[in-house]
Amino acid sequence: MVTSGCSSETVGTTPEATTTVLEAATTTPEAAMTENVSVDVAVEEKEKRIPKGETWSVHKFGGTCVGNSSRIKNVANIIIDDDSERKLVVVSAMSKVTDMMYDLIYKAQSRDESYVSALDAVLEKHSSTAEDLLAGKDLASFLSQLHQDISDLKAMLQAIYIAGHATESFTDFVVGHGELWSAQILSLVIKKNGIDSKWMDAREVLIVNPTRSDQVDPDYLESERRLEKWYSLNPCKVIVATGFIASTPQNIPTTLKRDGSDFSAAIMGALFRARQVTIWTDVDGVYSADPRKVGDAVILKTLSYQEAWEMSYFGANVLHPRTIVPVIRYGIPIVIRNIFNLSASGTKICHPPIIGDEDSLILKNYVKGFTTIDNLALVNVEGTGMAGVPGTASAIFSAVKDVAANVIMISQASSEHSVCFAVPEKEVQAVAEALQSVFHGALDAGRLSQVAIIPNCSVLAAVGQKMASTPGVSATLFDALAKASINVRAVAQGCSEYNITVVVKREDSIKALRAVHSRFYLSKTTIVMGIIGPGLIGSTLLDQLRDQTANLKEEFNIDLRVMGIMGSKLMLLDDDAGIDLDKWRELREEKGEVANLEKFVQHVHGNHFIPNTVLVDCTADSVIASNYDEWLRKGIHVVTPNKKANSGPLNEYLRIRALQRQSYTHYFYEATVGAGLPIISTLRGLLETGDRILQIEGIFSGTLSYIFNNFKDGRVFSEVVAEARDAGYTEPDPRDDLSGTDVARKVIILARESGLKLELSDIPVENLVPEPLRASASAQDFTQQLPKFDQELTEKLQDSENAGEVLRYVGVVDVTNQKGVVELRRYKKDHPFAQLSGSDNIIAFTTRRYRNQPLIVRGPGAGAQVTAGGIFSDILRLASYLGAPS
Ligand code: ADP
Ligand code: ASP
Ligand code: MG
């Protein structure tokens with residue numbers, strides 16, 4: 001072997017030389033095996049030509065299946081239990097071994113001496129596995145071969161270390177050893193069970209030609225010829241073949257590239273015309289989306305060859321994309337199964353069943369799965385000079401081909417104004433340079449305006465039979481993306497009937513995958529919630545949610561999950577499943593952490609499992625409200641009874657509303673006016689159906705409603721206020737109600753909703769707190785001194801009663817004159833406002849349609865239960881906007 005100062009020539013020839021050594025070595029264990037099974041051999045001696053066809057079944061075991069000795073034993077049992085007459089088993093290297101082998105090369109060529117200890121680890125892994133499983137002559141012959149291989153590898157790695165470089169064929173030779181060892185071990189374990197098994201070094205049989213795009217194409221004729229030869233020398237009923245590795249026609253070792261063992265198995269299946277190829281791995285089959293990214297992904301029972309190809313090409317690494325090609329010719333089915341769960345029947349890939357008429361209406365029958373490929377860049381070649389000029393596209397793609405870049409998808413607008421395509425991020429620089437150089441004339445002349453690169457992209461592919469030509473599929477897909485606030489940068493569809501591909505921002509990739517997946521696969525509308533402010537209203541809402549969620553799930557397919565509850569001091573965060581609302585108070589004590597709004601929002605929204613997030617602000621805090629803008633921008637829906645945002649500075653309000661209109665992100669605030677009463681929604685309904693609002697007039701404060709409903713029959717104002725306070729109808733300091741500010745905020749909300757551009761300061765407010773008491777130190781002082789000021793209101797009451805009228809404290813939006821006011825007004829005894837009792841609210845809409853007889857909404861407009869109910873119904877409105885059935 002090469003020990004020092006090797007030239008590239010000597011390096012290049014070494015793998016071949018070593019292959020020859022290996023070929024010679026393989027005869028020894030085989031000879032040993034035949035001694036034990038002489039009867040079978042005698043039968044098979046007659047069977048020199050391969051009996052191709054149905055009698056063969058092919059199994060492929062991935063790295064995790066043969067990850068340690070007990071797993072290898074398990075694999076042997078599966079093979080033994082398969083009652084097919086003849087079996088061909090393709091194995092990967094033990095898990096992680098291929099990575100370890102690539103790492104050896106990397107270390108050696110980087111002149112990192114630790115390749116020596118890394119090689120020792122490889123030796124140790126395989127020798128200890130063999131010692132666990134084998135004994136006697138089998139063990140001795142395997143270990144001697146292993147030590148021989150390791151010492152050859154050491155010499156080669158030393159040469160690479162000295163040269164500081166490894167050629168491709170050297171690398172392929174080194175990395176393929178994992179399969180050589182796993183196949184020998186497995187074959188010996190099967191043989192130990194009394195079964196005639198031979199191992200096959202696939203480099204002796206499988207001949208492939210390298211292609212320009214870092215792939216290899218099998219030479220079936222030559223492989224078949226060599227297989228016949230191999231079989232005539234090694235006839236048997238169980239063959240354990242190495243996956244991944246092959247040879248060139250010149251007998252130079254090569255590989256089928258990463259994850260290529262699936263491809264090996266499919267080629268073998270085709271060479272033997274096998275009945276079936278079973279690919280054993282660590283998941284129950286092909287899922288509707290990568291199960292590591294989408295927790296709700298479901299197993300697909302069947303896939304057509306084309307669908308399987310599209311899924312694997314677009315990133316479902318459960319199957320190597322080229323696996324389909326060899327088997328499709330002979331219609332050999334591939335079944336993907338889980339070695340760790342034999343009760344799962346797996347996914348069968350075969351020719352598609354015919355879809356019946358009634359099934360054709362179900363979109364799910366067209367959409368099978370969703371996949372993503374990350375780390376891509378988009379290249380956009382744009383310019384008016386491209387339209388109608390033949391050859392531009394071909395010039396673009398031949399430039400791309402020259403730098404051997406792999407084009408994942410292409411999209412061209414029919415205007416021919418731009419061509420846009422996605423390539424792996426690491427190849428984009430070379431592509432851009434090639435295009436700049438090919439088109440520099442056109443760029444200089446302005447026929448092309450730019451060659452732009454958009455980095456950090458991902459491709460999301462929806463795969464399914466005939467989906468691109470089925471009405472409704474694309475619409476549903478794009479709708480799901482829009483509702484999850486995901487911007488689509490490019491689209492390709494229709495070139496294949498089986499696929500719609502969209503390009504999204506890398507950071508949106510998982511969210512997009514989950515959004516579309518849940519839209520097609522989950523019948524439920526799932527919404528993640530964060531509740532801010534679990535005070536009286538917030539905690540009542542949580543109790544209502546607790547009582548109602550099961551029912552919503554069952555009856556209405558709405559799945560609401562509270563993922564965080566934040567108070568002023570503590571917050572409670574939970575994972576995907578949501579907080580147990582029976583216990584949130586205790587959990588907050590036990591597991592609560594210091595409240596931090598940013599972290600809270602990140603947790604609730606950053607959780608990518610569910611595409612829809614809503615933050616429910618149950619505080620009255622203007623600081624919290626100042627975040628709505630940012631939340632809506634991030635695609636977080638907002639529901640709130642907090643009046644601060646809508647009654648704050650006009651420009652901020654307009655900005656939030658504009659944002660809401662431009663996006664699919666929702667902002668609902670019904671409970672800001674009249675708690676659970678349908679006031680905002682009534683107003684919206686009128687406006688949206690083309691009615692014109694003339695005036696909105698109402699008693700908007702439950703407290704003031706109570707006070708004036710009872711301020712009659714010779715009673716004095718201060719006494720009624722004290723009574724209201726004692727009954728719990730007022731704020732702790734009654735001045736907060738009597739000042740009228742709260743009513744003014746409601747007036748401004750309705751005024752703005754009606755299109756008026758008013759500030760809170762534009763609303764004149766009649767303050768019922770006597771001037772000298774406004775600055776009084778305490779609520780108690782105020783209550784004590786209020787009787788001194790009863791006179792003025794007593795007179796007003798007297799006057800109105802004398803005129804057959806009542807006093808009411810009202811807010812008015814005068815839309816016609818673009819004004820608002822909050823004041824005491826007098827109403828005739830038969831006016832609806834005079835008929836009120838308790839603390840009810842009443843709101844009268846006078847509109848073009850309801851001019852003579854205003855539209856009246858009346859009912860309890862305050863209190864925790866009805867306010868929480870109002871918030872809850874906004875949350876359900878959101879669910880229905882997001883697609884829940886009505
Ligand atoms: P093996 O070593 O057995 O060849 P791989 O790791 O190559 O196994 O492929 C199996 C893995 O593919 C699974 O563990 C799973 O995480 C991943 N995977 C990605 N997309 C899918 C999908 N759509 N369905 C199933 N598995 C998928
Ligand atoms: N062992 C090879 C790899 O890890 C081939 C395979 O397992 O499919 O890439
Ligand atoms: Mg694999």
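In listed order, ligands and their atoms are each counted from 1.
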**Message:** With side chain to side chain contact (heavy atoms under 4.5 Å, CB included) as the criterion, how do Ile239 and Trp230 come out once you've worked through the C-alpha distance, each side chain's angles and the decisive distance to 0.1 Å?
**Reply:** CA-CA 11 Å; Ile239 303 172; Trp230 185 93; 3.8 Å; yes

**Request:** Might you work through the side chain to side chain contact (heavy atoms under 4.5 Å, CB included) test for Val189 and Leu134, ending with a clear yes or no?
**Result:** CA-CA 7 Å; Val189 174; Leu134 306 172; 3.9 Å; yes

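Of all protein heavy atoms, the one lying nearest to atom 7 (O) of ligand 2 is Ser92 OG, 2.9 Å. In terms of protein heavy-atom proximity, atom 1 (P) of ligand 1 is nearest to Thr281 OG1, 3.7 Å. Protein heavy atom closest to atom 4 (O) of ligand 2, with residue, atom name and distance, is Arg258 NH2, 2.9 Å. The closest protein non-hydrogen atom to atom 26 (N) of ligand 1 is Val318 CB, 3.4 Å. Looking only at protein heavy atoms, the nearest one to atom 24 (N) of ligand 1 is Tyr287 N, 2.8 Å. Scanning the protein heavy atoms around atom 19 (C) of ligand 1, the nearest turns out to be Asn317 OD1, 2.9 Å. Nearest protein neighbour of atom 2 (O) of ligand 1, counting heavy atoms only, is Gly63 N, 3.5 Å.
Below 4.0 Å from some heavy atom of Asp290 lie the following atoms of ligand 1, by number and element: 18 (N), 19 (C), 20 (N), 21 (C), 23 (N). In summary, the atoms of ligand 1 found under 4.0 Å from a heavy atom of Ala289, numbered by their order in the structure, are 23 (N). For ligand 1 and Val283, the ligand atoms under 4.0 Å from any heavy atom of the residue are 13 (C), 14 (O), 25 (C), 26 (N). Numbered from 1 in the order shown, with element, the atoms of ligand 2 that lie under 4.0 Å from a heavy atom of Phe244 read 2 (C), 5 (C).
Defined by atom type and a distance below 3.5 Å, a donor-acceptor pair is present between the side-chain atoms of Ser187 and Ser197. Between Asp284 and Asn338, the side chains place a donor N or O and an acceptor N or O closer than 3.5 Å (distance only, hydrogens not considered). With hydrogens and angles left out, the side-chain atoms of Ser84 and Asp82 include a donor and acceptor closer than 3.5 Å.
Looking at ligand 2, you'll find an N or O of Thr98 within less than 3.5 Å of one of its N or O atoms. In terms of polar-atom proximity, Ser261 is counted as a contact of ligand 2, with an N or O under 3.5 Å from an N or O of the ligand. Inclusion of Glu179 in the set of residues having an N or O under 3.5 Å from an N or O of ligand 2 is warranted. Polar contact check, Arg292 against ligand 1: a nitrogen or oxygen pair lies under 3.5 Å apart.
For atom 25 (C) of ligand 1, the candidate residues are Ser95, Gly285, Ala316, Cys65; the nearest heavy-atom contact is made by Gly285.
Using a 4.0 Å cut-off between charged side-chain N and carboxylate O, Arg322 and Asp259 make no salt bridge. Ionic pairing of Lys60 and Glu179 is not present here: no N-O contact between side-chain nitrogen and carboxylate oxygen is shorter than 4.0 angstrom. A salt bridge between Lys73 and Asp132 is absent, with no side-chain N of the basic residue lying under 4.0 Å from a carboxylate O of the acidic one.
Under the 30°/60° scheme for interplanar angles, the aromatic rings of His517 and Phe370 are found to stand perpendicular. Below 30°, between 30° and 60°, or above 60°: for His351 and Tyr305 the angle between ring planes is above 60°, a perpendicular geometry. Using cut-offs of 30° and 60° for the angle between ring planes, the His177 and Phe173 rings count as perpendicular. The aromatic rings of Phe272 and Trp56 are tilted relative to each other, their planes meeting at an angle between 30° and 60°.
Heavy-atom separations between Ser92 and ligand 1 are all 4.0 Å or longer. The closest approach between a heavy atom of Ser288 and any atom of ligand 1 is not below 4.0 Å. Assignment of Lys60 to the shell around ligand 1 is supported, since a heavy atom sits closer than 4.0 Å. Residue-ligand proximity: Pro291 is placed with a non-hydrogen atom under 4.0 Å from ligand 1. The closest approach between Gly243 and ligand 2 stays at or above 4.0 Å for every heavy atom of the residue. Proximity of His320 to ligand 2 is not established, as no heavy-atom distance is less than 4.0 Å.
Within 4.0 Å of atom 6 (O) of ligand 1, not a single protein heavy atom is present.
Proximity of Asp282 to ligand 1, defined as any heavy-atom pair under 4.0 Å, is confined to the side chain (atoms from C-beta onward).
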